[in-house]
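In listed order, ligands and their atoms are each counted from 1. Heads up: numbering here begins at 1 and tracks the sequence. Note that the coordinates shown come from a computational prediction; the quantities given were computed from them, not determined experimentally.
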Amino acid sequence: MLRAGGLTGRLERAIAAYLGLAIGDALGATVEFMTPREIAAKYNVHDTIRGGGWLRLKPGQVTDDTTMALALGQSILELGQVTAEGAARAFDAWMRSKPVDIGNTVRRGILHYRETGQVETPENEHDAGNGAAMRVLPVALATLEQPEEHVRLACRAQAHVTHNCPLSDAATECVALMVRDALLGADKIRLLHERAHPLARRHAEFTFRSVRQQGNPSGYVPDTIRAVFQGFFDTDSFEDCLTDVVNRGGDADTTGAIAGMLAGAVYGLDAIPERWLEALNPEIRHACETQAAALITL
Ligand code: MN
Ligand code: MN
């Protein structure tokens, strides 16, 4: 059970990002597909890792967002690098393990790989779901010291197994580069001006300022990212960020997972509430901690 004392900043933030992913997933899954109004009526403010939800999870249990990231991270560690083949094999094995949930685009992409052996699904603008962005964290950690273009290529290699679409690519690369920048010392102001605003300038779908607060975000990746960015940039702590984002409902396990990676990377291990760390499934917690440490020393 790691706390910040004695860890280097980079290692500590990598572990916090991985735990943030799992905590956001576990917290958000309870209210996935609920509206903000339904959440408020049932919980007032939902800020307890309590399981349940449409998947009837145990308290502290995570979903595909975390388990796909762990499967991808394991394959990166075994191969010593990010490859499309490694990602495709890892996702295939992950689907055989009977995961608690799986997105339609992910399922279609893995079946395409099984049938054809192709590790890149054909380009399709309907693939603009959030499934490639939600699992990108191990790529960001494994490519920490590499040039930005290598990071982008590695992001797309894992993404294109299931999602081959410019909006998904743009979001996936942006999330990975924001985590990387934070681990290398960037603050939120830099993430805002050097990553989030440029993403919205390139693709207006991601505009998250001067637009209505994104409630009930869907799995369409611009919806997801708008909710994550509004929650992340308009709060000042790990706890407030995740609470804001998951109480918007919709695809709350995935907005929670992505917001959790970013908030963990920026605020560090000591900012994660003890009650959330203790509520997380212990095996998942251990896997996140050990994988984060191994990936950044790759
Ligand atoms: Mn999920
Ligand atoms: Mn989800």
Side-chain angles (χ1 to χ4, degrees), residues 17-36 38-39 46 49-73 90-91 94-95 97-110 126-138 158-159 161-163 165 167-168 171-172 175 214-229 231-232 241-263 276 279-281 283-285 287-288:
Y18 229 129
L19 290 170
L21 157 69
I23 286 170
D25 182 6
L27 182 70
T30 303
V31 294
E32 190 181 18
F33 302 133
M34 291 172 72
T35 65
E38 288 167 343
I39 296 168
H46 169 59
I49 294 180
R50 51 163 59 92
W54 73 281
L55 293 169
R56 300 177 185 278
L57 300 172
K58 300 185 193 80
Q61 192 180 354
V62 294
T63 74
D64 54 348
D65 309 68
T66 306
T67 58
M68 281 199 98
L70 287 169
L72 176 60
F91 298 154
W94 169 82
M95 192 159 93
S97 78
K98 302 255 183 288
V100 60
D101 64 338
I102 180 166
N104 290 332
T105 306
V106 167
R107 182 193 307 277
R108 196 182 333 119
I110 294 170
H126 302 298
D127 290 349
N130 56 25
M134 75 184 190
R135 66 186 185 222
V136 78
L137 179 62
Q158 72 83 16
V161 177
T162 55
H163 295 63
C165 144
L167 285 179
S168 166
T172 301
V175 167
Q214 177 71 60
N216 210 22
S218 73
Y220 177 55
V221 71
D223 264 17
T224 306
I225 293 293
R226 278 198 304 271
V228 168
F229 282 178
F232 176 62
C241 172
L242 262 63
T243 303
D244 176 305
V245 164
V246 302
N247 280 276
R248 293 164 186 246
D251 196 355
D253 60 324
T254 304
T255 56
I258 296 173
M261 294 175 214
L262 297 176
W276 284 351
L280 191 61
N281 174 289
E283 282 166 33
I284 292 292
R285 178 176 176 180
C288 291

Worksheet item: Does a donor on one side chain sit under 3.5 Å from an acceptor on the other, for N216 and T35?
Response: no

Worksheet item: Is there a donor in the side chain of T224 and an acceptor in the side chain of D251, or the other way round, less than 3.5 Å apart?
Response: no

Measuring from the Mn ion (ligand 1), name the closest N, O or S atom belonging to [X].
X: D101; answer: OD2
X: D64; answer: OD1
X: D65; answer: OD1

Is the distance from the Mn ion (ligand 1) to the nearest N/O/S atom of [X] under 2.8 Å?
X: E32; answer: no
X: T63; answer: yes
X: D25; answer: no

Worksheet item: What is the OD1(D251)-the Mn ion (ligand 2)-OD1(D253) angle, to the nearest 10 degrees?
Response: 80°

Worksheet item: Got an N, O or S from T254 under 2.8 Å of the Mn ion (ligand 2)?
Response: yes

Discussion item. A side-chain contact here means heavy atoms from C-beta on lying under 4.5 Å apart; do R108 and D127 qualify?
Written reply: yes

Discussion item. If I compare all heavy atoms of G249 with all of I39, which pair ends up nearest, and what's the gap?
Written reply: CA-CD1, 3.5 Å

Worksheet item: CD1/I225 to CD/Q214 distance, rounded to the nearest 0.5 angstrom?
Response: 11.0 Å

Worksheet item: Is a donor on one side and an acceptor on the other found under 3.5 Å between the side chain of T30 and the backbone of G51?
Response: yes

